[in-house]
Amino acid sequence: MSEQHTADGSGEADLDVAIVGAGFSGLYMLHRLRGLGLSARVFEKADDVGGTWYWNRYPGARCDSESHIYCYSFSDALLDEWEWSERYPEQPEVLRYLRYAADHLDLRRDVEFETEVTSAVFEEDSGTWTVSTDDGSQVSARFFVTAVGCLSKPYLPDFDGLESFEGEWYHTGRWPHDPVDFDGKRVAVVGTGASGIQAIPEIADDAGHLTVFQRTPNYAVPARNRPLTPAEYDEIRERYDEIWAQSRDSGFGMPFDTAAPTAADLSTEAVREVLEPRWQEGGFRFLLAFEDLLINEETNRKVSEFIRSKIRETVDDPEVAATLVPTDHPYASKRPPLHTDYYETYNRDHVRLVSVRESPIEELTPEGIRTADEHHAFDTVVFATGFDAMTGTLFDMDIEGKDGTHLEEKWADGPRTYLGLAVHDFPNMFTITGPQSPSVLTNMPVSIEQHVEWIADCIEYMEREDLRVVEPTEAAEEEWVAHSNEVADQTLYSEADSWYRGENIPGKPRIFTPYAGGLDLYRQQCAEVAANDYEGFDLG
Ligand code: N01
């Protein structure tokens, strides 16, 4: 522990590192810092580990990344001992995994549960962070690391009359721990993003009647979940080194090959020949069929049309199918969901689709939802309306850097970071999977491990060189923001209104927030910065 830094004049900071969040990121950060002999503590709002997998317990919640790559790769022991049961892990299984990892690595003793960070202030005199929590305590730390995830602040639209609704209502991102009883009830689901698309078929199984309120139709691809056989699992274990190497060296953090460079010059028949097997295989392997999907309009048009044809084939009623077919944005320019029987659900007699584009929601009433055209009575309303992504939770922590600069003010026109990892005017602060890093465009654990390892290496370097302060220069930050915007502009991401661009939150700046240059390119850049003695950072 440093002897020079203090917020209380005692001569020592309480901790080397204060970490916020006990999900995949915070747990690994803690483990890694302990390995360096540093003192670290995690502050976690929930009463258990798990992060996103603690909160998102809605029916059907399941990871869209395949289970064998949705885990830590850093520990052979964890890889050897843990066995996933299905191709995609269900929420309770991911939560069990993170609990198991926390216990196996003996992490809980350094996690303060049910403790929300209410502010974090950089003290220029001592060069430490003062972190305040909702129990009224304060702690000083040399470094402040946010491990709060990208989708942790649920967004509930400001519907008139919500407080008057006399039934029950839920948000998918804050689901209760006790099961919700939909049996025979009249249920509404508002929202058809990845969460809604997973929840809708499951809720339909129990509900007496289900009405889905859709704003933007989505392109959902079948997940084709199934149990993993022991033989398959043995083969995965044998190939793990290769699987992780390929994942780290890929654009999306997944070890799947593309089938062809482009569809632009292929006939419709040839495109089908590539896509049909991938459709049957299911999952993100479909997304990766053509290398230029997100940069070539013609490829994207052909792939989008293939999915539209599948929706029309699946949904019996042509009018319902037409409402479900997306036409206003290219495939994958919004986060592409996977599904299990989503489109099939609309063939069930007790399921109805309402387009809020044609018939906007005007208000909630004591009995249900009134749209421009009619009143719908409900016992239960489920809001699958998403998150104030990437920045919402960071702003809620009221982070204050040098000269009283608040992060929210600094980012009023959009996030400004260096490598998505650090921010000028906020010394000794690191943001795991922060804005302008690949994060949500990739298989998250692979991106998380890279960030955690980079941060730990940087802190280790500082210890070795007896350095106390690390802060990106304004010029390096400026360059990274420009580069991040430039790569995003070369893609089709700008052709959709999406949470990637803050469009789902009224008043939020419209800026593409994740880094779109690919994980492989991003890793190279981070490695070069480190190899060049943390080029772009002021160290002192
Ligand atoms: O949220 P979303 P989500 N009136 O923002 C609609 C990750 N995730 O929770 O598209 C009516 O995608 C909104 O409509 P529109 C994944 O990264 C991962 O589903 O904005 N509708 C949209 O349909 C994902 O992308 C997994 O026009 C309104 C929906 O609500 C991210 O989390 C599973 C509305 C919100 O969709 C967020 O997904 C689930 C309004 N006023 C999620 N406001 C796995 O890997 C919003 N909507 C398992």
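Every heavy atom of this structure was used, including side-chain atoms; hydrogens, water molecules and symmetry mates were not. Count residues from 1 along the sequence. First listed ligand is number 1; within each ligand, the first listed atom is number 1. Just so you know, these numbers come straight off a predicted model, no measurement behind them.
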Worksheet entry | From the candidates Thr52, Asp158, Asp328, Thr192, the one that places a heavy atom nearest atom 22 (C) of ligand 1 |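 The residue whose heavy atom sits nearest atom 22 (C) of ligand 1 is Thr192.
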
Discussion item. Restricting to salt bridge (Lys or Arg N to Asp or Glu O under 4.0 Å), what partner residues turn up for Arg278, sequence neighbours left out?
Written reply: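 Counting only residues at least two positions away or on another chain, Arg278 forms no salt bridge (Lys or Arg N to Asp or Glu O under 4.0 Å).
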
Item to complete: Would you please say whether a donor-acceptor pair under 3.5 Å links the side chains of Thr433 and His451?
Response: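 Not at all, the side chains of Thr433 and His451 share no donor-acceptor pair under 3.5 Å.
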
Worksheet item: Is the Lys NZ or Arg CZ of Arg57 less than 6.0 Å from the centre of Tyr54's six-membered ring, within 45° of the axis?
Response: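 Flagged: Arg57 positioned over aromatic ring of Tyr54.
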
Worksheet, complete the sentence: Pro157 heavy atoms within 4.0 Å reach ligand 1 at atoms 34 (C), 40 (C), 41 (N), 43 (N)

Discussion item. Within ligand 1, which atoms have a heavy atom of Arg335 less than 4.0 Å away?
Written reply: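 That gives atoms 16 (C), 17 (O), 18 (C), 24 (C), 25 (O), 26 (C), 44 (C), 45 (O) of ligand 1.
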
Worksheet item: Hey, is Gln91 one of the residues with a heavy atom under 4.0 angstrom from ligand 1?
Response: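 Heavy atoms of Gln91 never come under 4.0 Å of ligand 1.
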
Worksheet item: Does the side chain of Glu66 come under 3.5 Å of the side chain of Asn443 through a donor N or O and an acceptor N or O?
Response: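 Short answer, no.
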
Worksheet item: So, Thr442 versus Ser447: side-chain donor-acceptor pair below 3.5 Å or not?
Response: yes

Worksheet item: Cut-off 3.5 Å, side chains only: do Tyr58 and Gln91 have a donor facing an acceptor?
Response: no

Worksheet entry | Which of the ligand 1 atoms, numbered from 1, are nearer than 4.0 Å to a heavy atom of Ala384 | 29 (C), 30 (O), 35 (C), 36 (O)

Worksheet item: Of all the non-hydrogen atoms in the protein, which one sits nearest to atom 7 (C) of ligand 1, and at what distance?
Response: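 Result: Leu151 CD1, 3.7 Å.
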
Worksheet item: How close does the nearest protein non-hydrogen atom get to atom 36 (O) of ligand 1, and which residue and atom is it?
Response: Gly193 CA, 3.5 Å

Worksheet item: Would you call Arg237 and Glu83 a salt bridge, using N to O less than 4.0 angstrom?
Response: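 Answer for the salt bridge query: yes.
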
Discussion item. Measuring from non-hydrogen atoms of Phe387 to any atom of ligand 1, is the shortest distance under 4.0 Å?
Written reply: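 So Phe387 counts as touching ligand 1.
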
Item to complete: Could you establish whether Val440 and ligand 1 come within less than 4.0 Å of each other, counting only heavy atoms on the residue side?
Response: no

Practice prompt. Provide, to 0.1 Å, the distance between atom 1 (O) of ligand 1 and the closest protein heavy atom, together with that atom's residue and name.
Written response: Gly386 CA, 3.1 Å

Discussion item. Using 30° and 60° as the class boundaries, would you call the ring planes of Trp84 and Tyr97 parallel, tilted or perpendicular?
Written reply: tilted

Worksheet entry | Thr211: partners by side-chain hydrogen bond (donor to acceptor under 3.5 Å, both in side chains), with sequence neighbours left out |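 Per chain and number, Thr211 pairs via side-chain hydrogen bond (donor to acceptor under 3.5 Å, both in side chains) with no residue.
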
Discussion item. Under a plain distance cut-off of 3.5 Å, with no hydrogens placed, do Arg248 and Ser73 share a side-chain donor-acceptor pair?
Written reply: yes

Discussion item. Using a 4.0 Å cut-off to any heavy atom of Gln198, which atoms of ligand 1 qualify?
Written reply: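 Near Gln198, meaning under 4.0 Å from one of its heavy atoms, ligand 1 has 33 (C), 48 (C).
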
Discussion item. Tell me the protein heavy atom at minimum distance from atom 27 (O) of ligand 1, and give that distance in Å.
Written reply: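 Result: Thr216 OG1, 2.4 Å.
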
Worksheet item: So, Glu242 and Gln246: side-chain donor and acceptor under 3.5 Å apart, yes or no?
Response: no

Worksheet item: In terms of residue, atom name and distance, what is the protein heavy atom nearest to atom 48 (C) of ligand 1?
Response: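 Checking every protein heavy atom, the shortest distance to atom 48 (C) of ligand 1 gives Arg62 O, 2.2 Å.
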
Worksheet entry | Tyr58 to ligand 1, any heavy atom closer than 4.0 Å | yes

Response to the item:
The protein heavy atom nearest to atom 46 (C) of ligand 1 is Arg215 NH2, 3.5 Å

Worksheet entry | Residues Ser304 and Asn300: side-chain donor-acceptor under 3.5 angstrom |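 The answer is yes; a qualifying pair exists.
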
Worksheet entry | Sub-4.0 Å atoms of ligand 1 with respect to non-hydrogen atoms of Lys334 |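 Those atoms are 10 (O), 15 (P).
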
Worksheet item: According to the interplanar angle, ranging from 0 to 90°, do the rings of Tyr515 and His483 count as parallel (below 30°), tilted (30 to 60°) or perpendicular (above 60°)?
Response: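 Tilted: the ring planes of Tyr515 and His483 meet at 30° to 60°.
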
Discussion item. Within ligand 1, which atoms have a heavy atom of Gly191 less than 4.0 Å away?
Written reply: 6 (C), 23 (O), 29 (C), 30 (O)

Discussion item. At under 4.0 Å between heavy atoms, is it the side chain or the backbone of Ala61 that contacts ligand 1, or both, or neither?
Written reply: neither

Discussion item. Please determine whether any non-hydrogen atom of Phe159 lies less than 4.0 Å from an atom of ligand 1.
Written reply: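 Judged by the 4.0 Å heavy-atom criterion, Phe159 does count as contacting ligand 1.
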
Practice prompt. Check each heavy atom of Ala194 against ligand 1 and say whether those closer than 4.0 Å belong to the side chain, the backbone, both or neither.
Written response: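 Both backbone and side chain.
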
Worksheet, complete the sentence: of all protein heavy atoms, closest to atom 5 (O) of ligand 1 is Trp499 CD1, 3.4 Å

Practice prompt. Please write down residue, atom name and distance for the protein heavy atom closest to atom 38 (O) of ligand 1.
Written response: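 Of every protein heavy atom, Ser195 OG, 3.8 Å lies nearest to atom 38 (O) of ligand 1.
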
